[in-house]
*Asks:* 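Pasting a structure here, questions to come.
The sequence lines fix the lettering, A, B, ..., with proteins before strands; numbering per chain opens at 1. For clarity, every value in this text was computed on a predicted model and none was experimentally measured.
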2 protein chains.
Amino acid sequence: MTEQLQTTRRVLIVDDERAIREMVCLALSSEGFRCLEASDAHKAGSLLREQRPDMILLDWMMPGISGVDFARSLRRKEETRDIPIIMLTAKVEEEDMIRGLESGADDYLTKPFSTRELVARINSLLRRTGGHAENTVLQAGSLHLDMSAHRVSCQGSVIDLGPTEYKLLRFFMENPERVYSREQVLNNVWGDHVYVEERTVDVHIRRLRKALEPFEHDQLVQTVRGAGYRFSAFR
Amino acid sequence: MTEQLQTTRRVLIVDDERAIREMVCLALSSEGFRCLEASDAHKAGSLLREQRPDMILLDWMMPGISGVDFARSLRRKEETRDIPIIMLTAKVEEEDMIRGLESGADDYLTKPFSTRELVARINSLLRRTGGHAENTVLQAGSLHLDMSAHRVSCQGSVIDLGPTEYKLLRFFMENPERVYSREQVLNNVWGDHVYVEERTVDVHIRRLRKALEPFEHDQLVQTVRGAGYRFSAFR
DNA sequence: GAATATCATGACAATATTGTTACAGTTGCA
DNA sequence: TGCAACTGTAACAATATTGTCATGATATTC
């Protein structure tokens, strides 16, 4: 089953050749990835901070700072350490592949490469790592939702939730202090295409509340009559 | 985690391929390690005496003396006995890994490996051993997995595991408190390329649980419905 | 306060997911 | 060669989850 709450993957491509960037972007966007382009390390840096990509495609040879140096600098910083890197190199020798990897790249690709190959590598890498899981813990009061452990707990006790309740809570904790109509909840948690009765949301809200009930005294999941539901730490 | 004050670690890399040595050196120096290179066992021997490295990366196949023999000879001498060794091997068979470990290696890595993997293993080993030591043991409650002995035990009793169950447990103990989908487990434990049914994971999980069952009362290997499996000390 | 709209709750059958076992094909080894 | 251990699959059993409905509760409006 497809995980509904997952955002589209963002891939940052850093290459000084515009043609390469365009080719990659075209290939990736048709595969459902979101593409970020940078022609040099400096632009890459700011995109990196603003957009937090899930993966980086990095040219080995760039004017100015080399891909290798850039990769190495990424590995030094805590917040970028875990982002998978695929190195792009025009050279073919074994030697170069190894140097590419040495800098901390997870994989490499030799130009010219086919888009199929590129996509295959990206997917393979994402399959192994499960993507770049940043900000893994959501918190509201004493309620914790750990995405990487896929676990919800409160005051030390684990709260057992079914898959839908988990996704529901995650959605709300990611978007607190905001009302969502049943339709919006369905679109966000169930997915756009699936059709289920709107009332179904009520039932799952109920199940979620029931699971949280023993721990939270303030009603975190609130009913907004005529509008929908809201997750809020305030009454 | 406790951050410890530590001097620069010295890592000796013994490999006849210059490219490999360079890759490793670059990767490690960017991680703050000091790197010592040797292309053969003889040079390794003198570096070993002069520099007293904290860890050795050893090629399995070298012209002249083999990595296995070299490792064994290190284990015989008092002053080198306690230096952790990671064996580098191009082979993939289980058998080879075991032979590598029997010679006294604490861990092994199959070429080609990514530098992230290498750095992760080194850090993991150093964390466990505190720099120099013989206990390369993963621990969860009373459950012990000794990598250097390739043995799992609990409360003094040895737990007999098949190769796959061992790798599975090791993977989980190295990555606890985190859910892995069946696909991710396959990619990490079986390997990226092999294709086996996802449900195969279930069966091996079952076998692993069965083997652990007599010893652990808390379910260490937990099912996360709709998401995968998780190894955790908490309920 | 009655009429009405909206939401809460519990029950239930259908479905999906996971657990468990058996078995056949391999492989290494005596 | 025969044995024993190990693997991957399929089939079936056991559970957990899901969506819907019927009915009761609560707020809103006039």
*Asks:* Look at the side-chain N and O atoms of B/Trp190 and state whether any lies under 4.0 Å from the OP1 or OP2 oxygen of D/dT7.
*Replies:* no
*Asks:* May I have the distance from A/Asp160 (atom CG) to D/dA16 (atom P), rounded to whole angstrom?
*Replies:* 10 Å
*Asks:* Have a look at B/Thr223 and say if it touches a base, only the backbone sugar-phosphate, or nothing, with a 4.0 Å heavy-atom cut-off.
*Replies:* sugar-phosphate
*Asks:* Nearest nucleotide by nearest heavy atom, which residue falls closer to the 5' end of DNA chain C, B/Gly228 or A/Arg182?
*Replies:* A/Arg182
*Asks:* Using whole Å, what does the distance between atom P of nucleotide C/dG19 and atom CD of B/Gln222 come to?
*Replies:* 12 Å
*Asks:* Test for a donor-acceptor pair under 3.5 Å between the base of D/dT20 and the side chain of A/Arg199, counting only N and O atoms.
*Replies:* no
*Asks:* Can you measure B/Leu208 atom CG to D/dT7 atom P for me and round it to whole angstrom units?
*Replies:* 12 Å
*Asks:* In whole angstroms, how far is the P atom of C/dT21 from the NZ atom of B/Lys210?
*Replies:* 5 Å
*Asks:* Step by step, work out the ring-ring contact (aromatic ring centres under 6.0 Å, His included) result for A/Phe172 and A/Tyr229.
*Replies:* CA-CA 9 Å; A/Phe172 274 123; A/Tyr229 295 96; 7.3 Å; no
*Asks:* Test for a donor-acceptor pair under 3.5 Å between the base of C/dG19 and the side chain of B/Arg209, counting only N and O atoms.
*Replies:* no
*Asks:* Do B/Ser232 and B/Gln219 have side-chain atoms, one donor and one acceptor, less than 3.5 Å apart?
*Replies:* no
*Asks:* Under 4.0 Å between a side-chain N or O of A/Thr200 and OP1 or OP2 of D/dT20?
*Replies:* yes
*Asks:* I need the CG-C1' distance between A/Leu186 and D/dT18, as an integer number of Å.
*Replies:* 13 Å
*Asks:* Which sits closer to the 5' end of DNA chain D, A/His204 or B/Leu161, going by the nucleotide each is nearest to?
*Replies:* B/Leu161
*Asks:* Pick base, sugar-phosphate or nothing for B/Arg207, based on heavy-atom distances below 4.0 Å to the nucleic acid.
*Replies:* base
*Asks:* Would you find more than 12 non-hydrogen atoms of other residues, nucleotides or ligands less than 6.0 Å from B/Asp218 atom CG?
*Replies:* yes
*Asks:* Can you tell me whether the side chain of B/Arg206 and the base of D/dG8 have a donor-acceptor pair closer than 3.5 Å?
*Replies:* no
*Asks:* What's the OH-P distance between B/Tyr229 and C/dT18, to the nearest Å?
*Replies:* 6 Å
*Asks:* Does B/Glu165 reach a base, just sugar-phosphate, or nothing at all? Heavy atoms under 4.0 Å.
*Replies:* sugar-phosphate
*Asks:* Return yes if a side-chain donor-acceptor contact under 3.5 Å exists between A/Asp146 and A/Ser148, otherwise no.
*Replies:* yes
*Asks:* Measure the distance from CZ on B/Arg225 to C1' on C/dA16 and round it to the nearest whole Å.
*Replies:* 7 Å
*Asks:* Taking only residues two or more places apart in sequence, or in another chain, which ones meet A/Arg225 in a side-chain contact (heavy atoms from CB on, under 4.5 Å)?
*Replies:* none
*Asks:* Would you mind reading off the distance between A/Asp202 atom CG and D/dT23 atom P, rounded to a whole angstrom?
*Replies:* 18 Å
